[in-house]
Each structure stands twice: as C-alpha cells, then as structure tokens.
Amino acid sequence: MNKIYTTLLSLLLLIPLSSCLTDTPWENGEYGLRAEDLETKKILEVKGLSTNRVLSVLTDEPVKEVQLFTVHLAAKDVAQEDIVVKIKAVAPAKNALAQSEIEVPATVTIKKGERDAPVVAKVKTGTLTSDAKAVKVQIDGANQGGYTVSGNFGAVTLNLLERSAYEGRYKYEILENTIWPDYSVYIAQGAEDYVLETVSKYTVVGYFLYGVFNDRAQISFDPETHAVSKLEVIGWAEFPLVESTYDAAAKVWQFKVHHPKSAAHTLVYKLTRLD
C-alpha cells in the first residue's frame, strides 16, 4: 500500500501547477486584491465581487436615475485627495442596450477621507422590458496619477430590465401549514428581510418556505386587484390558489394555496410590504 501511495505522489509532482498560480500581472503586483498590494498600491475597483449583475428599473417615469455600482478605493489608507475617476460605457457583444438609452457620467469623485463614490446614470425606461438589455461600464483610470485600475474588478456588465412594482422587502409569515407541519418550527416567522425580486412586470421570485428549503417560488399578481394570482415553485409545480386578498392601506397580502396533489393540505401566507 505504501509503495502505491509513493508512486501516486511521485506522479502528482510531475503534473504542472495550474496557470492561475502563475498569473503574471497578479503575481507581479500590477493589479489585484492581495493584502500586500494594499500596502503599496491605490487600486480603483467596482465594489463587490460580481462582474455581471441584474439591475431592475422602475418604468413609472420616462427617465430614471439609477445607481449602477460603487467605485471603491482599495488601498491601505482612505483617499488623501479628491480622486476624479473616469467612467466609460461600452456595448457588450449580445443584448446591448442602445447607447442613446443610457447616460453614464464621464467621471465620479471619491472625496478626500473616503473610499467610495456611487456611479449614477440616467436611464430611458421606454424600451425596458422583462428581457434584459446589457451595458458594460468600466473604470477608465483617474485624472490624477498614482492610481491603478483593477484588472479583475475594473468593469461590470449590467443587465437592465423593467422592475416589477412588487419587487421589494417584506415581512414574511405562514399563518397555516398543514402540508408540512413538522417544518413549521423552522419557518422564519415574522422575518423582515424577505426579499422578492423581479421576474417580469407582474411576477416576482422569492423563497417558497423561508428558512426551511432553498426552493424558489414565483409569485404573480393580478394587475387590477394587485392580489396574488399564482404561486409556482420553480422546477416543481403550481400550488393552486384557494383564496387571495390584498389590503392596500396596510400593504398586506394574504393568500391560501393547497398542495398540487391534495386540496386538504394547505398553506396560508401573509406578506407585509416594508419598503
């Protein structure tokens, strides 16, 4: 057994290491987020690790101001001067948003003593639908010298779509659960960080049983009454509605569904809008 183990180890040592360990610009400290870089460099980056994001926009006005992302100074110290950061928008290869539909600022300023500056654009909402249109926005350097644009996090592709009016933050409660009563103790009753995100104008998506399963459910709303009209667990089944109400004054939705295979087993949801 020891002989076999030694042979396998010898073979492994002959295999070249992954190229990610010899990324020359990274290893040479030309850009990146290593701790030692922060001691010697002043790096401008898109705040947050994702370089491809969905951004939903309300279309209640013909032109909306939308924060695209935040420019961040990754350095040992906060800004020692006002840093004028240059911003540039380019059209991606697919599903591009027309340049005439978005006005991206040419510069933003990280104020002395701070690290961040928001990038706020003006978006024409008339062409936005539930099918996302993309724009790539990149940091194009700074008016002052001594700053390095991150090679890994110096740009972000934003996929803009029409935001549902029902997207937002809710208080989440399950008032009745005869489908899976054993799980009731795990449900995040009264949780106020339940978020519903846009799928289309009248449909949003959130967790089916918050705090229990990772399953996601699409919730659709009636455009006239604003009551819930459909609940469908993605990749599984629709849970037929038994009843559904909406209290506009209290901003409360309450709806009852039954299990696809048994009308005798039901769930009653209560959602209270918080934003």
Side-chain angles (χ1 to χ4, degrees), residues 18-58 61-128 132-161 163:
S18 169
S19 62
C20 70
L21 298 180
T22 56
D23 180 347
T24 302
W26 182 282
E27 290 304 304
N28 289 347
E30 294 175 17
Y31 57 72
L33 296 176
R34 303 180 309 171
E36 53 265 41
D37 289 334
L38 304 184
E39 293 288 331
T40 59
K41 296 183 180 295
K42 294 179 288 187
I43 302 168
L44 299 172
E45 64 179 11
V46 176
K47 192 171 186 176
L49 295 179
S50 175
T51 56
N52 196 306
R53 304 174 186 173
V54 173
L55 187 62
S56 59
V57 180
L58 276 177
E61 299 174 2
V63 178
K64 296 285 287 189
E65 287 194 345
V66 180
Q67 182 171 329
L68 303 181
F69 61 92
T70 298
V71 174
H72 178 71
L73 172 64
K76 180 181 179 181
D77 300 311
V78 297
Q80 302 300 297
E81 60 183 336
D82 284 356
I83 308 168
V84 180
V85 182
K86 293 182 283 187
I87 305 297
K88 182 180 179 181
V90 296
K94 296 181 179 179
N95 303 322
L97 179 70
Q99 294 290 311
S100 60
E101 300 299 313
I102 184 169
E103 182 182 332
V104 177
T107 63
V108 298
T109 301
I110 300 176
K111 296 291 187 181
K112 181 178 179 180
E114 300 181 3
R115 290 187 181 274
D116 297 332
V119 177
V120 179
K122 292 181 179 179
V123 178
K124 294 181 180 179
T125 62
T127 60
L128 296 181
K133 296 293 184 181
V135 60
K136 184 177 181 179
V137 183
Q138 61 191 41
I139 300 170
D140 207 31
N143 284 353
Q144 300 94 323
Y147 298 93
T148 302
V149 177
S150 171
N152 297 290
F153 305 110
V156 60
T157 298
L158 299 157
N159 298 283
L160 280 69
L161 73 162
R163 180 188 299 177

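This is a predicted model, so every value here is computed, not measured.
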Q: When you compare the side chain of Val123 with that of Glu101, does any pair of heavy atoms fall below 4.5 Å?
A: no
Q: With heavy-atom distances below 4.5 Å as the criterion, would you say the side chains of Glu114 and Val78 are in contact?
A: no
Q: Looking only at heavy atoms, which two atoms of Val46 and Ile139 are closest? And how far apart?
A: N-CD1, 3.7 Å
Q: Quick one: closest heavy-atom pair of Lys136 and Thr157, and the distance?
A: CG-OG1, 3.9 Å
Q: In Å, rounded to the nearest 0.5 Å, how long is the span from CG of Leu55 to CZ of Arg163?
A: 7.5 Å
Q: Compare every heavy atom of Val135 with every heavy atom of Ala89, then report the nearest pair and how far apart it is.
A: CB-CG2, 4.2 Å
Q: I need the Ile87 CD1 to Leu44 CG distance, nearest 0.5 Å.
A: 9.0 Å
Q: If you define the side chain from C-beta out and look only at heavy atoms, does anything of Leu58 sit under 4.5 Å from Thr125?
A: no
Q: When rounded to the nearest 0.5 angstrom, what distance separates CG in Leu160 from OG1 in Thr127?
A: 9.0 Å
Q: To the nearest 0.5 Å, what is the distance between CG (Leu73) and CD1 (Ile83)?
A: 4.5 Å
Q: Testing the basics here: between Val63 and Lys124, what is the closest heavy-atom pair and its distance to 0.1 Å?
A: CG2-CG, 4.3 Å
Q: Compare every heavy atom of Val156 with every heavy atom of Ser50, then report the nearest pair and how far apart it is.
A: O-CG2, 4.1 Å
Q: Could you measure the distance from the OH atom of Tyr147 to the CD atom of Glu81? Nearest 0.5 Å is fine.
A: 3.5 Å
Q: For a quick test of reading the model, state the closest non-hydrogen atom pair linking Lys122 to Glu65 and the distance between them.
A: CE-OE2, 3.8 Å
Q: Check whether Thr109 reaches the backbone of Lys111 with its side chain - one donor and one acceptor, N or O, closer than 3.5 Å.
A: no
Q: Enter the distance from Arg53:CZ to Asn159:CG here, rounded to the nearest 0.5 Å.
A: 11.5 Å
